[in-house]
Amino acid sequence: MMVSLSRRLIQTIALSLILASGASAAPKLVLGWVEPVDLVGKEMRVKAKLDVGALTSSMNAQNIERFERDGENWVRFEFTDENELTEETQTLELEGPLVRDVLIKRHGAPSVRRPVITHTFCLYNQIYRAEFSLTDRTEFIYPILLGRTFLSQVALIDSSETFLSEPSCVEGEDVVDILD
């Protein structure tokens, strides 16, 4: 009983401090270190690693091709992974405007420049648009890595858990932009 009262008192004080600070941020999701995401408009669900050690989110991309459309720089690439909905390997041809190039520092290897695009995806019950650097992730287990820039605004990560959510979005719902 004493522990319960102490815990309740601490929670009340913490909530009071948050309210007094004027914080109006939406509550963050509690997610595991691996979660499923749906690629919006593609009927494809893949596993994403939630990695606070990476600043920028990244996405599996092969055959990256830069091109120009209506005077703007664009990128086209192939995204391949097992579709968790069909349990079959699927390849999508994706493209988008080039947002920028990012310099990725690698441990024990030279830094590399990667193209960055925005892409929409469903995580839990919300559609997000975030920036992704494009790189060949075929040697990694997860085709999508959600990095710290995105996660810091959306989620708290329980590193002892996986698959605490299931994507449930409807196309046409509001999209939340989480851009670098």
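From a predicted model like this one, the values you see are computed outputs, not experimental measurements. When reading the values below, keep in mind they use all heavy atoms of this one structure, side chains included, and skip hydrogens, waters and symmetry mates.
- Residue Asn125 holds its CG atom at 7.0 Å from OG of Ser168, rounded to the nearest 0.5 Å.
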| task | Applying side chain to side chain contact (heavy atoms under 4.5 Å, CB included), run through Glu95 and Phe67 and close with a yes or a no. | result | CA-CA 10 Å; Glu95 61 182 38; Phe67 65 100; 3.8 Å; yes
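- For the pair Leu29 and Tyr128, the tightest heavy-atom approach, listed with the atom from each and the gap, is CD1-OH, 4.1 Å.
- Counting only residues at least two apart or in different chains, ring-ring contact (aromatic ring centres under 6.0 Å, His included) contacts with residues 151-180 are absent.
- In this structure, CG in Asp81 is found 13.0 Å from CD in Glu88, a value given to the nearest 0.5 Å.
- Interatomic distance, CG of Asp51 versus OG of Ser58, reported as 8.5 Å (0.5 Å rounding).
- Results of the side-chain contact (heavy atoms from CB on, under 4.5 Å) test with Phe77 over Leu134, Asn60, Asp136 single out Leu134 as the only residue that passes.
- More than 12 heavy atoms of other residues, nucleotides or ligands shown are found within 6.0 angstrom of CG on Leu103.
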| task | Carefully, step by step, assess Glu82 and Met44 under the rule side chain to side chain contact (heavy atoms under 4.5 Å, CB included). | result | CA-CA 9 Å; Glu82 181 179 338; Met44 188 169 188; over 6 Å; no
| query | How far apart are the C-alpha atoms of Ser165 and Glu35, what are their side-chain angles, what is the distance that settles it, and do they pass the side chain to side chain donor-acceptor pair (under 3.5 Å) test? | reply | CA-CA 7 Å; Ser165 71; Glu35 294 292 339; 2.8 Å; yes
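- Heavy-atom minimum distance, Gly41 versus Glu171: CA-OE1, 3.5 Å.
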| said: side chain to side chain contact (heavy atoms under 4.5 Å, CB included), that's the test. Do His119 and Leu39 meet it? Break it down for me. | reply: CA-CA 8 Å; His119 197 72; Leu39 302 182; 4.1 Å; yes
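- Here the closest non-hydrogen pair linking Gly32 and Leu164 is N-CD1, 3.5 Å.
- Hydrophobic cluster membership differs between Val102 and Leu145, with clusters built from Ile, Leu, Val, Met, Phe, Trp and Tyr side chains linked at under 4.5 angstrom.
- Note: the hydrophobic cluster containing Val116 does not contain Ile64 (ILVMFWY, side chain heavy atoms under 4.5 Å, direct or indirect links).
- Taking the ring centre of Tyr142 as origin, the terminal cationic atom of Arg137 falls outside the region bounded by 6.0 Å and 45° from the ring axis.
- Checking Ile144, Val37, Leu31 one by one against Leu50, the side-chain contact (heavy atoms from CB on, under 4.5 Å) holds for a single residue, Leu31.
- Using a 4.0 Å cut-off between charged side-chain N and carboxylate O, Arg45 and Glu166 make a salt bridge.
- A distance of 8.5 Å separates CD1 in Ile178 from CD in Gln126, rounded to the nearest 0.5 Å.
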| task | Would you check, one step at a time, whether the test ring-ring contact (aromatic ring centres under 6.0 Å, His included) holds for Phe121 with Phe150? | result | CA-CA 12 Å; Phe121 61 97; Phe150 173 79; 5.4 Å; yes
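- Between Ile127 atom CD1 and Thr120 atom OG1 the span is 7.0 Å, to the nearest 0.5 Å.
- When the side chains of ILVMFWY residues are joined at heavy-atom separations under 4.5 Å, either directly or via intervening members, Leu55 and Ile157 end up in two distinct hydrophobic clusters.
- Residues Ile117 and Val75 come closest through the heavy atom pair CG2-CB, 4.1 Å.
- With values rounded to the nearest 0.5 angstrom, Lys42 atom NZ is found 13.0 Å from Asn83 atom CG.
- Note: the hydrophobic cluster containing Leu146 also contains Val34 (ILVMFWY, side chain heavy atoms under 4.5 Å, direct or indirect links).
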